[in-house]
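The structure appears below as structure tokens.
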Amino acid sequence: MTAVLNFKSHLSDLFAEALRTVAPEQAATILLERPKQAQHGDYSCNLAMQLAKPLRRSPRDIAQALMAALPASGVVEKVEIAGTGFINVFLTVAAKQSVVRGVLQAGAGYGHIRRGAGKKVQVEFVSANPTGPLHVGHGRGAAYGASLSNVLDAAGYAVTREFYVNDAGRQMDILALSTWLRYLALHGISVPFPPNAYQGAYVRDMAQQISAAHGARYVRAAAEAMHSAPSVEEDADAHLDALIANCKKLLGEDYAYIHNHVLTEQLGDCRNDLAEFGVHFDEWFSEQSLFDSGLVARAVDTLKHGGHLYQQDGALWFRSTTFGDEKDRVVQRENGLYTYFASDIAYHLNKFERGFDRVINIWGADHHGYIARVNGALKALGLDSDRLTIALVQFAVLYRNGEKAAMSTRSGEFVTLRELRNEVGNDATRFFYVLRKSDQHLDFDMDLAKSQSNENPVYYLQYAHARICSVLQQWQGDAAVLKQADVGVLESDYEKVLLQHLIDYPQVIEGAAEDLAPHLIAFYLKDLAADFHSYYNASRFLVEDEKVKQARLALIAAVAQVMRNGLALLGVSAPEKM
RNA sequence: GUGCCCGUAGCUCAACUGGAUAGAGCACCAGCCUUCUAAGCUGGGGGUUACAGGUUCGAUUCCUGUCGGGCACGCCA
């Protein structure tokens, strides 16, 4: 007989059949749940309650009829009616036991499902301005995006991980200017450093690098740098813009070098930081390239031809209110420059033209006001905005010694992702970041994450894995034997609970992929580890009876495999010793 | 002021998208190591799911209002 691997869909088929017999004209959705309590069986169906109203019969009555019409199945032990009309299904132990062999044979592939059917999904995340080190807010987006991408990958989607590089805007100019001013200072030229320029120590470092490599080549007179700039008190932004303009003019061709140097430097730092964090990208997409290829102009043109733009106060506006936005938005400023929004429209057009079936943007929660206009722009371009999902990630607040760790970008005194990783460790950092629903505020307790004690949930999971490895190590047997082990003796309550957990894993992947919720994996693994620890304390594995020993070892080896698979999705290591 | 998100045990959070007696960890109390890792396990107390209505067989979940918190409301990126 062929083993049933997906009990849920198997049972779903059986109920569909019963439904056709009992009420062929009804098109109810068949929902199977895992009851919270064991006495309610392995799976529970509420179909009878759904049908009560349209059929004008009592739920228990309908449940009786459905139960009678349910086709026989080798994996079903018994079916019961309970409560107001739940139909509870109990599986045979033999059916559940077969999962052990399934897990061991599939190995790292266990939990990989075909739900995505190879559909192309793009996940764009982090996309921080390359103007300084990543901070803890970016860290959450990075951990979430990376884990989500892994989950989607496991669920059978073809995932492209992408970082959008904001290399075209004013922020990059400000960074170039900041670096140049620090460079001038190194050469004894004193220009007052604007308060809204980049203050961080890394700016001085870059100035030092440039000075070391090129000496005084980029030195210009202070007076010229400050030429006709309004005072900071008058208008700080205009002051900065004037300095940028002077910088570009004075350096001429050389400006590109400074600009490019700071961009390359910061992007490289960002890439290393993320790589150390286990976060990798398939594509680093340049904003500048959208201008170079003419796509921004083309996108704006398309909107214009569609009648979605109008001229007012010298600027070009997109009529986003047509699509439910609060107000219309400027795409081209009075000075002729495109806004960030314009390049973002082009970027999304590009995403769709690359043929992704689904596009997922992971944004910080502070960007939520931006969603309406982007969706509006897609619709105006005649694109299917339903293919775009914007997942908002709430802020993370760090707590150290029971107090909020300050996060101020202005003073440059924010906690960087790198500092956090160094202090807490990559595993705990990755895990803590995805331990919350992404749309939930995150209190990141650094003391807890650092503690090497029972308080720390990361160790709890890793410890379960290490314990299993240790037992298998002492057994000294051939792991291949376990794949063929006779698991018929696994009948205790502890064992049944673990079997059911193993069976659930692929469905957890499916749920996590569907809801874009990798935290579900973390919670699942915590449960699995808890049930293993209970089992460990209640039973021995290295027993005399060879058959029992092999069966139990096979079971815990399967648990370890699923722990490894799940932790890998979260980017957390599974050590064999602790 | 307007819009979006949130409010669950003392604290930090779950709850399978509307299901059965709302669950974990931490903290607190009481136990378990001469046998595979005690970073573990077992048991206990702890709740009007912010509040008030509504929808229905059934609501922490959906709708309305009130209160409280977060975020966003540039020809910035």
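So that the names make sense, note that chain A is the first sequence line, chain B the second, and so on, each numbered from 1. No hydrogens, no waters, no symmetry mates; every other heavy atom, side chains included, goes into these values. Being a predicted model, the structure only gives us computed values, none of them experimental.
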Per the atom types in the model, does the base of [N] pair as donor or acceptor with the side chain of [X] at under 3.5 Å?
X: Thr131(A); N: A77(B); result: no
X: His368(A); N: G3(B); result: yes
X: Asp173(A); N: A77(B); result: no

Stacking check Phe86(A) vs A20(B) (5.5 Å / 30 deg): yes
Which base, if any, makes a Watson-Crick or G-U wobble pair with [N], both distances under 3.5 Å?
N: U37(B); result: none
N: A9(B); result: none
N: G1(B); result: C73(B)
N: C57(B); result: G19(B)

Identified side chain to side chain contact (heavy atoms under 4.5 Å, CB included) partner of Leu51(A) from the options Asn46(A), Leu19(A), Val22(A): Leu19(A)
Classify the nucleic acid contact of [X] as base, sugar-phosphate or nothing, counting any heavy atom under 4.0 Å across all strands shown.
X: Gly511(A); result: nothing
X: Ser58(A); result: nothing
X: Asp366(A); result: sugar-phosphate
X: His40(A); result: base

Lys96(A) with Asp42(A): basic N within carboxylate O range, under 4.0 Å: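 Yes, Lys96(A) and Asp42(A) are salt-bridged.
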Lys/Arg-Asp/Glu bridge criterion (N-O < 4.0 Å) met for Lys351(A), Glu162(A): no
Between C76(B) (C1') and Asp344(A) (CG): distance, integer Å: 13 Å
Arg333(A) side chain near C76(B) phosphate (N/O to OP1/OP2, under 4.0 Å):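 Yes, such a contact exists.
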Syn/anti state for C33(B) [syn: chi within 90° of 0]: syn
U8(B), syn or anti by chi within 90 degrees of zero: anti
Closest non-hydrogen atom pair between Phe90(A) and Ala38(A), with its separation: CE2-O, 4.0 Å
